[in-house]
Amino acid sequence: MSTLISFLLGYLVGSIPTAYLLVKQRAGIDIREAGSGNVGSFNAFLVTSSKAVGIAVGVLDGLKGFAVVGGIVWIFEMPFSTAAVGMLGAVLGHIYPVWLRFRGGRGLATAGGAFFAVGISYTIIWCSLWLLLNRWRKDIVTANVLASLATPPILLALPEGWLEAVMMSEVSADEYRMFAALLSAVLLLSHADVFTGWLKSKPK
């Protein structure tokens, strides 16, 4: 499996518009035109007022990333470098799905699911930080941004043995840290509108 095929496979799986399909089926609403307009689990919950729909979207979005990376590593037995490209493709597919004119979600659940198939350190740290930050700030999007910013430095500070102890695939701690930083950068880019809003609301 070439790197290009890995990326395209990841992109196509990641671009499956889970939230759009479930909300359309449940409420007959185009999620892009309701709530925040984000094609993700939280907006699916807001639009439908159904926790079940929100949870289902989050789980299915996570499974997209898990399936891509798990398939590349365990079924096709490709190295981490190939799986990493597939992971990146899946996250970008979720954020910029071709089926929805490149208007998707933020990629958080897909990235979390993908990391579960490699090593669970990123997902555990990110989710733990998110819970604490959301409890502190009472703002989901701010918690998203701060958790994505803080997770790579924490991974860098942790001993290699700790990271490797919870690896699901054969990958070095340094490779894992480098890709975690890259994927966090992609997730932060998916929150560009948040940064723009902060700048506009800053007192002059």
Side-chain angles (χ1 to χ4, degrees), residues 1-16 40-41 58-97 102 104-131 133 143-192 194-195:
M1 180 183 293
S2 70
T3 301
L4 178 59
I5 292 176
S6 177
F7 180 83
L8 291 176
L9 173 64
Y11 178 84
L12 289 174
V13 174
S15 67
I16 297 172
S41 58
V59 170
L60 290 173
D61 283 344
L63 285 175
K64 292 191 298 186
F66 185 86
V68 168
V69 177
I72 292 172
V73 172
W74 300 326
I75 297 176
F76 295 103
E77 299 182 345
M78 293 289 108
F80 172 70
S81 57
T82 304
V85 172
M87 187 191 304
L88 183 61
V91 174
L92 289 174
H94 180 84
I95 299 172
Y96 305 110
F102 305 102
R106 300 195 187 279
L108 298 167
T110 302
F115 265 117
F116 247 94
V118 180
I120 61 176
S121 299
Y122 186 97
T123 306
I124 290 174
I125 293 170
W126 192 96
C127 290
S128 298
L129 287 172
W130 186 91
L131 289 170
L133 290 165
N144 290 347
V145 171
L146 295 179
S148 298
L149 280 170
T151 299
I154 292 175
L155 286 173
L156 186 61
L158 289 175
E160 290 186 6
W162 291 17
L163 301 181
E164 293 171 352
V166 290
M167 290 294 186
M168 308 295 288
S169 307
E170 292 187 11
V171 53
S172 71
D174 286 340
E175 287 178 309
Y176 188 84
R177 287 165 173 156
M178 288 176 61
F179 192 71
L182 172 61
L183 205 56
S184 273
V186 172
L187 296 177
L188 288 170
L189 284 175
S190 75
H191 288 77
V194 178
F195 292 107

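In what follows, every heavy atom counts, from backbone to side chain, and hydrogens, waters and symmetry copies are set aside.
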Worksheet item: Is there a donor-acceptor pair closer than 3.5 Å between any side-chain N or O of His94 and the backbone N or O of Ala90?
Response: no

Worksheet item: Knowing that exactly one of Val69, Val91, Thr110 qualifies, which makes a side chain to side chain contact (heavy atoms under 4.5 Å, CB included) with Lys64?
Response: Thr110

Item to complete: First locate atom CD1 of Ile120, then atom CG of Leu163, and finally report the distance between them rounded to the nearest 0.5 Å.
Response: 11.0 Å

Worksheet item: Should Val186 and Ile95 be marked as a side chain to side chain contact (heavy atoms under 4.5 Å, CB included) after you check the CA-CA gap, both sets of side-chain angles, and the distance that decides it?
Response: CA-CA 10 Å; Val186 172; Ile95 299 172; 4.0 Å; yes

Worksheet item: For the side chain of Ser148 and the backbone of Ser184, is there at least one donor-acceptor N/O pair under 3.5 Å apart?
Response: no

Response to the item:
Output for pair (Leu9 CG, Leu4 CG), nearest 0.5 Å, gives 11.0 Å

Item to complete: Can you run down the side chain to side chain donor-acceptor pair (under 3.5 Å) pairs that involve residues 159-170, sequence neighbours left out, and say none if there aren't any?
Response: none

Item to complete: Please round to the nearest 0.5 Å and tell me the distance separating atom CD1 of Ile72 and atom CZ of Phe80.
Response: 11.0 Å

Discussion item. Taking Tyr122's backbone N and O only, do any of them form a donor-acceptor pair with Thr151's side chain (distance below 3.5 Å, no angle check)?
Written reply: no

Response to the item:
Nearest heavy-atom approach of Ala111 to Leu183 is CB-CD2, 3.8 Å

Item to complete: Would you mind reporting whether Val118 and Val73 have side-chain heavy atoms less than 4.5 Å apart?
Response: no

Worksheet item: Would you say the side chain of Leu146 lies within less than 4.5 Å of the side chain of Leu129, judging by non-hydrogen atoms?
Response: no

Worksheet item: Roughly how far, to the nearest 0.5 Å, is OH of Tyr11 from CG of Leu8?
Response: 10.0 Å

Worksheet item: Looking only at heavy atoms, which two atoms of Ala117 and Trp74 are closest? And how far apart?
Response: O-CZ2, 3.7 Å

Discussion item. Tell me the closest heavy-atom pair linking Leu108 and Trp126, and the distance in Å.
Written reply: CD2-CZ2, 3.7 Å

Response to the item:
In this structure, OG of Ser41 is separated from CZ of Arg106 (nearest 0.5 Å) by 11.0 Å

Response to the item:
In terms of heavy-atom contacts, Ala180 and Leu155 come closest through CB-CD1, 3.5 Å

Worksheet item: Is there a donor-acceptor pair closer than 3.5 Å between any side-chain N or O of Ser6 and the backbone N or O of Thr82?
Response: yes

Item to complete: Quick one: list whatever passes ring-ring contact (aromatic ring centres under 6.0 Å, His included) with Tyr176, sequence neighbours left out.
Response: Phe115

Discussion item. Testing the basics here: between Asn144 and Trp130, what is the closest heavy-atom pair and its distance to 0.1 Å?
Written reply: OD1-NE1, 2.8 Å

Worksheet item: Going from OG on Ser121 to CE on Met167, what distance comes out if it is rounded to the nearest 0.5 angstrom?
Response: 6.0 Å

Worksheet entry | Side-chain donor/acceptor of Ser15 to backbone N/O of Gly93, under 3.5 Å | no

